[in-house]
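Here's the structure we're looking at; comments come further down.
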Amino acid sequence: MSWDWQVFFQDTGGGQTYFHWMMSAWGWTLLVSGCSLIVALSVGSLMGILRTTPVKAFVWIGNGWTELFRNIPLLVQIFLWYHVIPSLFKGLQQVPDFFAVVIALGFFTSARISEQVRAGIQALPKGQRYAGLAVGLTLPQTYRYVILPMAFRIVIPPLTSESMNIIKNSSVAFAVSISELTFFAMQSQEETSRGVEIYLAVTFLYFISAFAVNRVAAVIEKRARVPGMIGGGR
Amino acid sequence: MNLTFAFLDWSVISSFIVKGFIFSVQLTVVAMIGGIALGTMIALMRLSGKKWLVLPAAVYVNTLRSIPLVMVILWFFLLIPLLIGRPLGAELSAMVTFTVFEAAYYSEIMRAGIQSVPSGQVSAGYAVGMTYAQCMKLIVLPQAFRNMLPVLLTQTIILFQDTSLVYAVGAYDLLKGFEVAGKNFNRPVEMYLLAAITYFVICFSLSMLVRQLQKKIAIIR
C-alpha cells in the first residue's frame, strides 16, 4: 500500500478541498464539545450540589437525574433528543440538529460531573459546613463562600478528564449528520477510498484537541491552588 | 403526536429485537473476558519495571484511551480487511475492536488493583521461594481481582452501553433491532423510546447489583 496525502488537496465537488472540509469539521467538533461542556458543567454542578443538601426532595432530584442520564447510552440519548422529543412536543420541531446533540451530550456528561462534584463536596470535612452555619451564614451562603470554593478545586482533575471525554464523545454526533470530524472521516473515506490517510489525520486532530484541553486545565489548576493545602502553592 | 404501541407483539420483538439483544450481550461478554485477560497482561507489563515491556504497554493504553471509540471501530473496520485480505463482517470486526479497546481501560483498573496489594505480600512470597509468576498468580492477582471486582463490573456496564456504537459500521445490535423494527412499522419514535427504556432498565438494575456486591465486599475486607 502506498501513501497518497494529495487526497487532502482534492476537490470535494463542492468547491472546497478535503483539507478545508476537515478544518471546518474540526471546528464543529470543538464547537459541539465546547457548548456541551458549558451545559454539562452548569447542570452537572447544580445536580451535584443538590445531592449534598439536607433537603430530601433536592437529593432525590439530583440522584434521579444522575441515574437517568448515566444509564442510557449516549447514542440512544442523541436519538431521543433528535427523534423522540421533537415529535412529542410540537414547539421543538424547529430546533436545529446542533442543539439536539449539544443537549444530549451535555446532559449525558452532566450525570458524570454531578458524581464528581458530589464526591468533591463530600470529601471536605463536615466541620466546614457546620462552621459556616455556626457563624450565621445561610445554607446558600455556606455553599457559596465555604464549601464550593474548596470543592471545585478538588474536582479540577476529574473535570479535566470529563472535558477530554466530551471531545471524544462528540464523535457520536456523526449519527445525526452533524458535519464533525468523525462524520467527515466516514464520508470522505467513502468518497476517496483513502481511509488510512484520512483516519490518521482525524485521529491526530482528536489527539491534539484533547491534549490542548489537558494543558489548559493544568494552567487553571495551577492558578487556583490554595496555599497551605497538599499540592498547593505558596 | 400520539404514541401507539399497538403493533408491538411478541413476534415483532422476537424477530427484530431479540437478535440484536443477543449480539449486544455476546459482544459485551466476549469483550469483557478478552479485555480483562488482555488488560491484566498489559497491567503486568506496565508494572514489570522492565523498560521494553513498560513502554509498549503504556503506549498501547494511552493511545487507545485518547481516541474516540467510534474512530477505533472505524479504524479496525478499515484495517482488518487490509491486513487479512478479506472482509471480516461488521459483527466479528466489532468483537475484535471492543476486546482490544476495552483492554486499555480494564488494564488501568487492574493496575490500580495490583498496586492496592501491599508490597510486603510479594516480598513474603519471594521469601518462601516463590517465583515472580507464582507470586502474581497465587498472591497478588486473586486479591487485585477481588478488590477491583465492582469497578470491573461498572466498566462492563459502560461497555454494554458502548456496544450501541457499532451503529457506525452497521452491525445488528440491540439499538439496530429497535431501529429496524421502527422503520418497518413506520413507528421510529416509539421504538427509540423503547430502546432508551430497555437500556435504562438493564443498566440501572446491573448497577444496583454492583452496588450490593460492593457493600458485601466492603464488609469482608
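Values below: all heavy atoms of this structure, side chains included; hydrogens, waters and symmetry mates excluded. Order of the sequence lines sets the chain letters (A, B, ...), proteins ahead of strands, with each chain counted from 1.
Remark: A:F19 CZ is loosely packed, at most 12 non-hydrogen atoms of other residues, nucleotides or ligands lying under 6.0 Å away. For A:F58, the CZ atom sits in a loose shell: 12 or fewer heavy atoms of surrounding residues, nucleotides or ligands are nearer than 6.0 Å. Heavy-atom neighbours of A:W5 CH2 from other residues, nucleotides or ligands within 6.0 Å: above the threshold of 12. Within 6.0 Å of the OH atom in B:Y172, the count of heavy atoms belonging to other residues, nucleotides or ligands exceeds 12. Other residues, nucleotides and ligands place no more than 12 heavy atoms under 6.0 Å from the CZ atom of A:F99.
Looking at A:N71 and B:L206, their side chains never come closer than 4.5 Å, going by heavy atoms from C-beta outward. In this structure, the side chains of A:T203 and B:W75 come closer than 4.5 Å at one or more pairs of heavy atoms. Residues B:M71 and A:T182 are in side-chain contact: their nearest non-hydrogen atoms beyond the backbone lie under 4.5 Å apart.
Of the two parts of A:Q77, neither the backbone nor the side chain holds a non-hydrogen atom closer than 4.5 Å to a non-hydrogen atom of chain B. For chain B, the nearby parts of A:Y199 are the backbone and the side chain; heavy atoms of each come within less than 4.5 Å. For A:L200, the parts lying under 4.5 angstrom from a heavy atom of chain B are both the backbone and the side chain. In this structure, the portions of A:L68 lying under 4.5 Å from any heavy atom of chain B include both its backbone and its side chain. The parts of B:L193 that come within reach of chain A are both its backbone and its side chain, each placing non-hydrogen atoms under 4.5 angstrom from that chain. Only the side chain of A:A185 comes within less than 4.5 Å of a heavy atom of chain B; its backbone N, CA, C and O stay farther away. For a residue to count as touching a neighbouring chain, one of its non-hydrogen atoms must lie under 4.5 Å from one of that chain's; by this rule B:T63 touches chain A with backbone and side chain alike. Only the side chain of B:L79 comes within contact range of chain A, with at least one heavy atom under 4.5 Å from a heavy atom of that chain. Looking at A:I72, both its backbone and its side chain come within 4.5 Å of chain B, counting heavy atoms on both sides.
Note that CG of B:L165 and CZ of A:F174 are 7.0 Å apart. Values are rounded to the nearest 0.5 Å. If you take CD1 on A:I198 and CG on B:L74, they are separated by 12.0 Å, rounding to the nearest 0.5 Å. A distance of 8.0 Å separates CG in B:D162 from CG in A:N169, rounded to the nearest 0.5 Å.
Not less than 6.0 angstrom separates the ring centroid of B:F178 from the ring centroid of A:F79.
Summarising the geometry of B:V70 relative to A:S171, their closest heavy-atom pair is CG2-OG, 3.6 Å, with the distance given to 0.1 Å. For the residue pair A:L80 and B:A196, the shortest heavy atom distance occurs at CD1-CB, 3.7 Å. In this structure, B:S207 and A:E67 approach most closely via the heavy-atom pair OG-OE1, 4.4 Å. Closest of all the heavy-atom pairs between B:Q161 and A:R70 is NE2-O, 2.8 Å.
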